[in-house]
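These numbers come from a predicted model, not from an experiment. Numbering of ligands and ligand atoms starts at 1, following listing order.
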Amino acid sequence: MLVLKFGGTSVANPAAIRQLISILQDKGTSKPKVVVVSAMSKVTDLLISLYQKAAVQDPTYLELLLQLEQKHLQAIVELVPMSQQIDIMGRVKMIFRELEDVCRGIYLLDELSDSTKARVMAYGERLSSAIVSVAFQHHGLPNTLVDSRDYIVTDATFLNAKVNLKKTYQNMQVLPKADLLVAPGFIARSSEGKTTVLGRGGSDFTASLFAAGLQADLLEIWSDVDGMYTTDPRKAAAAFSIEELSYEEAMELAYFGAKVLYPPTIAPLVAAKIPLVLKNTFNPGHKGTLISHAPVPTSQVVKGISCIDQIAVLTLSGSGMVGVPGVAMRMFKALALESINIYFITQSSSEQSITVGLAEAEGQKAVQAVNQEFADDIAQELVNPISLEVPMSIVALVGNGMIQQPGIAGKAFSLLGEHKINIRAIAQGATERIISVVLRTEDAHKAVNLLHNRFFLTVPQKPEPALT
Ligand code: ADP
Ligand code: ASP
Ligand code: MG
């Protein structure tokens with residue numbers, strides 16, 4: 001069994017879909033396959049604008065709806081022989097009338113719940129999968145279209161739904177037995193039967209759920225780059241594709257910003273040791289990046305550098321915190337109650353301050369929550385008013401080779417110091433597989449490039465002798 005996921009750019013237009021068809025044709029028919037597709041490029045963003053416009057009674061939402069409909073109908077015109085278009089055209093038009101009704105509801109009722117947002121966002125993948133399935137059919141790739149919502153069960157956190165793995169894997173055992181299944185990514189259903197979505201970029205995760213549920217031999221994720229690069233190719237022109245990574249390395253790089261892979265994707269693959277290959281739809285001859293439990297050892301100590309922007313750094317400090325148990329717990333609880341995700345935590349050894357990194361968009365909400373929790377302590381001047389620094393970025397060096405390898409952090413810090421880049425906080429994961437630094441966003445681009453040059457473009461590093 002092979003599971004293949006094609007992202008938004010891989011189904012962006014008829015030319016891209018033809019490319020996808022030729023990749024599938026080249027694979028032959030020896031193995032059963034599941035193809036998971038994202039919405040056509042930009043469509044999810046347009047669907048979000050659509051409900052936003054409708055919610056503020058902006059009637060131009062109708063123009064946007066028309067534009068979306070044209071885009072999908074045009075793809076059918078170019079991919080399906082004229083005599084065969086009626087059925088799929090009819091289905092797509094019906095889906096658009098349904099979407100129009102939902103939008104009219106939002107427009108008239110002035111009400112926009114997360115459930116409705118998820119429902120609207122789900123149309124992108126519903127449409128693309130229907131069109132890809134029909135296009136396959138007419139290019140010698142008979143297939144069965146399934147609706148991932150019938151198999152992937154989640155909670156009712158509509159926009160970032162948490163998957164019930166047990167039920168999902170059980171459901172997947174009764175998928176139709178076909179040599180080629182086509183399924184929409186991103187979308188799922190709550191146990192109450194409402195449409196949910198798996199978070200932005202979540203189609204990668206859908207594919208890994210299919211791979212784990214069906215015990216696939218391999219998962220291939222196809223996008224528009226030659227795999228996972230040493231760093232974000234948009235930030236450093238010298239970035240290049242990494243040949244192999246361990247699951248843990250890939251997960252850390254993804255978590256700290258390597259957008260090519262949605263971070264939760266790896267977890268379902270680990271237990272079953274299913275390898276994952278990241279490939280380029282527009283350069284299929286390139287080997288891409290192989291992610292597995294046992295990558296071939298390399299002398300490269302740092303495998304990749306990730307960067308996340310739009311981070312806020314929140315600091316809780318005060319002499320009244322020293323030796324008082326439970327301060328950190330109270331702070332994290334206050335943040336957790338607001339569902340705020342924390343990217344890193346550092347505590348000074350004197351216990352006088354705790355610093356956490358979180359998304360900039362949640363900064364004010366976090367300050368309010370922590371201020372409220374410590375209101376009495378602040379009034380008694382035991383704790384200082386919470387400080388928030390923006391705009392900040394996290395730059396992370398990742399590599400299994402850093403484990404037990406002295407000197408890497410030192411090299412990174414002195415390099416940044418030499419270039420007058422101020423490091424606001426440092427965190428090293430307990431596994432030593434990752435070192436992350438927090439700095440001002442205006443320095444992040446330069447820092448990524450300096451570190452990339454230092455660790456990838458100088459003479460290949462030999463493991464340094466351990467200090468004795
Ligand atoms: P898809 O739509 O196929 O899911 P994405 O846009 O989600 O593709 O991810 C691919 C993009 O991720 C690339 O075009 C690239 O700009 C960006 N990217 C960021 N960091 C990295 C990295 N380390 N390696 C490769 N691509 C990266
Ligand atoms: N279409 C969704 C998004 O844009 C899911 C995905 O592409 O992976 O976030
Ligand atoms: Mg993606």
Side-chain angles (χ1 to χ4, degrees), residues 4-13 16-17 19-20 23 36-49 68 117-118 120-129 148 152 159-161 183-188 196-209 220-243 245 249-265 276-283 286 288-289 291 302-309 395-399 444-445 448 451-452 456:
L4 306 99
K5 177 260 172 177
F6 292 88
T9 42
S10 305
V11 292
N13 49 50
I17 296 176
Q19 182 69 19
L20 188 169
I23 289 169
V36 174
V37 291
S38 290
M40 294 172 84
S41 183
K42 308 263 163 34
V43 165
T44 310
D45 290 338
L46 291 174
L47 290 165
I48 293 173
S49 313
L68 276 165
K117 287 180 186 171
V120 174
M121 282 163 93
Y123 280 95
E125 271 72 7
R126 288 175 58 192
L127 288 158
S128 64
S129 56
S148 305
I152 301 177
L159 302 178
N160 221 331
F186 190 46
I187 67 177
T196 60
V197 293
L198 303 179
R200 293 305 307 270
S203 294
D204 295 349
F205 188 34
T206 307
S208 99
L209 291 169
E220 294 182 354
I221 293 187
W222 292 78
S223 81
D224 61 347
V225 276
D226 294 336
M228 176 83 83
Y229 282 44
T230 45
T231 192
D232 187 340
R234 295 165 301 183
K235 288 196 170 132
F240 55 90
S241 167
I242 305 167
E243 281 188 25
L245 287 169
E249 289 170 329
M251 205 163 357
E252 300 280 17
L253 285 167
Y255 181 76
F256 282 99
K259 184 180 171 242
V260 66
L261 184 63
Y262 184 55
T265 307
L276 161 63
V277 188
L278 303 180
K279 296 268 296 176
N280 188 349
T281 301
F282 308 99
N283 188 16
H286 193 285
T289 300
I291 299 165
V302 177
K303 289 282 201 66
I305 301 172
S306 277
C307 176
I308 330 182
D309 295 323
V395 173
L397 301 179
V398 175
H445 192 252
V448 166
L451 291 166
H452 191 264
F456 292 99

Counting heavy atoms under 4.0 Å, the part of K42 that contacts ligand 1 is neither
For K5, the ligand 1 atoms with a heavy-atom partner under 4.0 Å come out as 4 (O)
Quick look: L253 vs ligand 1, heavy-atom contacts under 4.0 Å, and the answer is neither
Output yes when a side-chain donor or acceptor of S306 lies under 3.5 Å from a complementary backbone atom of A396, and no otherwise. no
Ligand 1 to S223, heavy atom cutoff 4.0 Å, flagged ligand atoms 3 (O), 8 (O)
**Q.** Test of proximity, Y229 against ligand 1: N or O pairs below 3.5 Å
**A.** yes
Under 4.0 Å between heavy atoms, the region of S38 that gets near ligand 2 turns out to be side chain
Checking heavy-atom distances from atom 19 (C) of ligand 1 to each of D226, T289, T230, D232, the winner is D232
Looking only at heavy atoms of M121, does any of them come nearer than 4.0 Å to an atom of ligand 2? no
If you compare L261, T44, V260 by their heavy atoms, the one closest to atom 9 (O) of ligand 1 turns out to be V260
- Task: State if G202 counts as touching ligand 2 under the rule of any non-hydrogen atom under 4.0 Å.
- Result: yes
So the atoms of ligand 2 within less than 4.0 Å of a heavy atom of R200 turn out to be 3 (C), 4 (O), 9 (O)
Ranked by distance from atom 5 (P) of ligand 1, the top protein heavy atom is K259 NZ, 3.6 Å
### Query
Can a non-hydrogen atom of G201 be found less than 4.0 Å from any atom of ligand 2?
yes
